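Worth saying up front: this structure is predicted, and the values here are computed from it rather than measured.
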Amino acid sequence: MPLGLRGKKKNKAKEVSSKLVESEEVENRTAGSSAVKEPMYENVSPGLPPPPVSLRPKLVFHTQLAHGSPTGRIEGFTNVKELYAKIAEAFLITPEEILFCTLNTHKIDMDKLLGGQIGLEDFIFAHIKGSKKEVEVMKSEDALGLTITDNGAGVAFIKRIKEDSVIDKVKVINVGDHIESINGKNIVGSRHYEVAKMLKELEKGKTFTLKLIEPLKSFDMIEPRSKGGKTTEGKIASGRETLRLRSKGPATVEEVPTAFEEKAIKKVDDLLESYMGIRDIELAATMVEAGRDKKNPDEFAVALDEALGDFAFPDEFVFDVWGAIGDAKQGRL
């Protein structure tokens, strides 16, 4: 089925109370202290459903609120929304208060943003809502210089601000700020690509209004403004194994991405930013996974439609992603 003619297919735990651990500190966690060291479904034959929740090994993660809190233990989640619910339960807050999470740092570091994978040794820091602010911005150029991402639970926020861009000149707007509304339109619940599209379609030469919510900060987190995450060659997740969170289907324990996968995912994430103004490691990983065993771009395009039909990616973008996966396989990245 050639590109451009393919049909678009729309793909529309037992609960355990978390306990706070007052005496545990982040600094005391050492390699090898993972609560579980074996794959979740190690003995399951291919094609069989996963075992009942009660028979699965428990993956226990440690967490804190980024602005400061005791340490909590969480378990029994299979996706980001359930993760936020478990964190909220541990700290007696609501899931809606959580903006995003970082791994192994309490700082607003977009390079350490929790995506679709968590290393079994990773420590989770939850950044919650802080002060609200309303900002008027003159769109003097076509591009605002923003890269948008979201937390997988309906909260879009700023991941990167391009130097010398329109937004860079508005000093009260910062990386990590949640975009609550654009020109009075509430966008809570919108995906990152939808928010990026709204911002791109704003008329040049006119002023627009953003309502933002910044992450709550502790005193030691107040520092000079950051431009946001830089694309790095670092590991997507630390530890020898990772918990892969999926929007559809159960979470699975997997080996860390191979060198080929890491390079391909990084390049596809770059393409997402270039074409759509978003960053999404989990989306990039899903695309690389879809193209791993495909023989040509038409097969890849069909696989993308089946897995991610809601995005309706343009053919040019699909070709570029296919090329990036091929380059990574051949060691050209």
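- Under the 4.5 Å side-chain criterion, counting only non-hydrogen atoms from C-beta, Phe61 is not in contact with Leu83.
- If you chain together hydrophobic residues whose side chains sit under 4.5 Å apart, Phe77 and Leu120 fall into the same group.
- For Glu273 and Thr147, the side-chain atoms include at least one donor-acceptor pair closer than 3.5 Å.
- Judged purely by atom type and a 3.5 angstrom limit, Asp327 has no side-chain atom pairing as donor or acceptor with the backbone of Arg332.
- The minimum heavy-atom distance linking Lys162 with Asp168 is given by the pair O-CB, 3.3 Å.
- Note on Ile98 and Ile213: separate hydrophobic clusters, where clusters join Ile, Leu, Val, Met, Phe, Trp and Tyr whose side-chain heavy atoms are under 4.5 Å apart, directly or indirectly.
- Contact between Leu113 and Cys101 at its shortest, heavy atoms only, is CD1-O, 3.6 Å.
- Residues satisfying the side chain to side chain contact (heavy atoms under 4.5 Å, CB included) criterion with Ser190, sequence neighbours excluded, are Ile187, Glu194, Val195, Met198.
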- Step by step, would you call Leu114 with Asp122 a side-chain contact (heavy atoms from CB on, under 4.5 Å)? CA-CA 10 Å; Leu114 184 150; Asp122 283 345; over 6 Å; no

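- One finds a salt bridge joining Asp270 and Arg279 here, because a Lys/Arg side-chain nitrogen approaches an Asp/Glu carboxylate oxygen to under 4.0 Å.
- Proximity of a side-chain donor or acceptor of Lys294 to a complementary backbone N or O of Ala290 within less than 3.5 Å is detected.
- Annotation for His62 and Arg73: closest pair NE2-NE, 3.7 Å, computed over non-hydrogen atoms.
- In this structure, Arg191 and Asp280 have side chains that are in contact, with non-hydrogen atoms separated by less than 4.5 Å.
- Side chains of Gln64 and Ser69: no donor on one and acceptor on the other come within 3.5 Å.
- Side-chain contact between Tyr275 and Asp320: present, with at least one pair of heavy atoms (C-beta onward) separated by less than 4.5 Å.
- Using a 4.5 Å cut-off on side-chain heavy atoms (C-beta onward), Leu216 and Ser131 make no contact.
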- Task: May I have the step-by-step check of side-chain contact (heavy atoms from CB on, under 4.5 Å) for Leu99 and Ile128, ending in yes or no?
- Result: CA-CA 5 Å; Leu99 295 179; Ile128 68 173; 6.0 Å; no

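- The CD atom of Glu299 lies 7.5 Å from the CH2 atom of Trp322; values are rounded to the nearest 0.5 Å.
- Thr102 places no side-chain N or O within 3.5 Å of a backbone atom of Lys112 that could act as its donor or acceptor partner.
- We find the CD-CD distance between Glu82 and Glu89 to be 12.0 Å, quoted to the nearest 0.5 Å.
- Counting non-hydrogen atoms of neighbouring residues, nucleotides and ligands closer than 6.0 angstrom, the NZ atom of Lys132 reaches no more than 12 such neighbours.
- Scanning both residues, Met287 and Phe317, for their nearest heavy atoms gives CE-CE2, 3.4 Å.
- The structure places NE2 of His178 at 11.5 Å from CG of Leu210, a figure rounded to the nearest 0.5 Å.
- Lys133 NZ: more than 12 foreign heavy atoms inside a 6.0 Å radius.
- Nearest heavy-atom pair across Lys217 and His67 is C-CB, 4.0 Å.
- The number of heavy atoms from other shown groups lying within 6.0 Å of NZ (Lys139) is above 12.
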- Task: Apply side-chain contact (heavy atoms from CB on, under 4.5 Å) to the pair Ile179 and Leu199, showing each step before the final yes or no.
- Result: CA-CA 11 Å; Ile179 303 176; Leu199 292 169; 4.3 Å; yes

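- Within the 4.5 Å cutoff, the side chain of Phe157 has heavy atoms near those of the Thr149 side chain.
- Between the side chain of Lys81 and the backbone N or O of Gly154 there is no donor-acceptor pair closer than 3.5 Å.
- The aromatic rings of His127 and Phe100 sit parallel to each other, their planes meeting at less than 30°, with 60° as the upper class boundary.
- Under the 4.5 Å side-chain criterion, counting only non-hydrogen atoms from C-beta, Glu134 is in contact with Thr209.
- Criterion: ILVMFWY side-chain heavy atoms under 4.5 Å apart, direct or through other members. Under it, Ile118 and Val80 are part of a common hydrophobic cluster.
- A search for side chain to side chain contact (heavy atoms under 4.5 Å, CB included) contacts involving Val135 returns Val137, Val170, Val172, Ile173, Leu212, not counting sequence neighbours.
- Atom NZ of Lys266 is separated from atom CG of Leu271 by 10.0 Å, given to the nearest 0.5 angstrom.
- Atoms CD and CG, from Glu136 and Asn183 in turn, are 9.5 Å apart once rounded to the nearest 0.5 Å.
- Taking CD of Glu289 as the reference point, atom CD1 of Ile325 lies at 10.5 Å (rounded to 0.5 Å).
- The heavy-atom pair separating Phe125 from Asn104 by the smallest distance is CE1-C, 3.9 Å.
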- Query: Do Ile108 and Asn174 pass the side-chain contact (heavy atoms from CB on, under 4.5 Å) test, and can you show the C-alpha distance, the side-chain angles, and the key distance before you say yes or no?
  - Reply: CA-CA 10 Å; Ile108 302 172; Asn174 295 297; over 6 Å; no

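- Of the possible donor and acceptor atoms, one in the side chain of Lys129 sits under 3.5 Å from a partner among the backbone N and O of Glu96.
- Between Phe208 and Leu144, some side-chain heavy-atom pair lies under the 4.5 Å cut-off.
- Phe91 has its side chain within reach of Thr63: a pair of non-hydrogen atoms, C-beta onward, lies under 4.5 Å apart.
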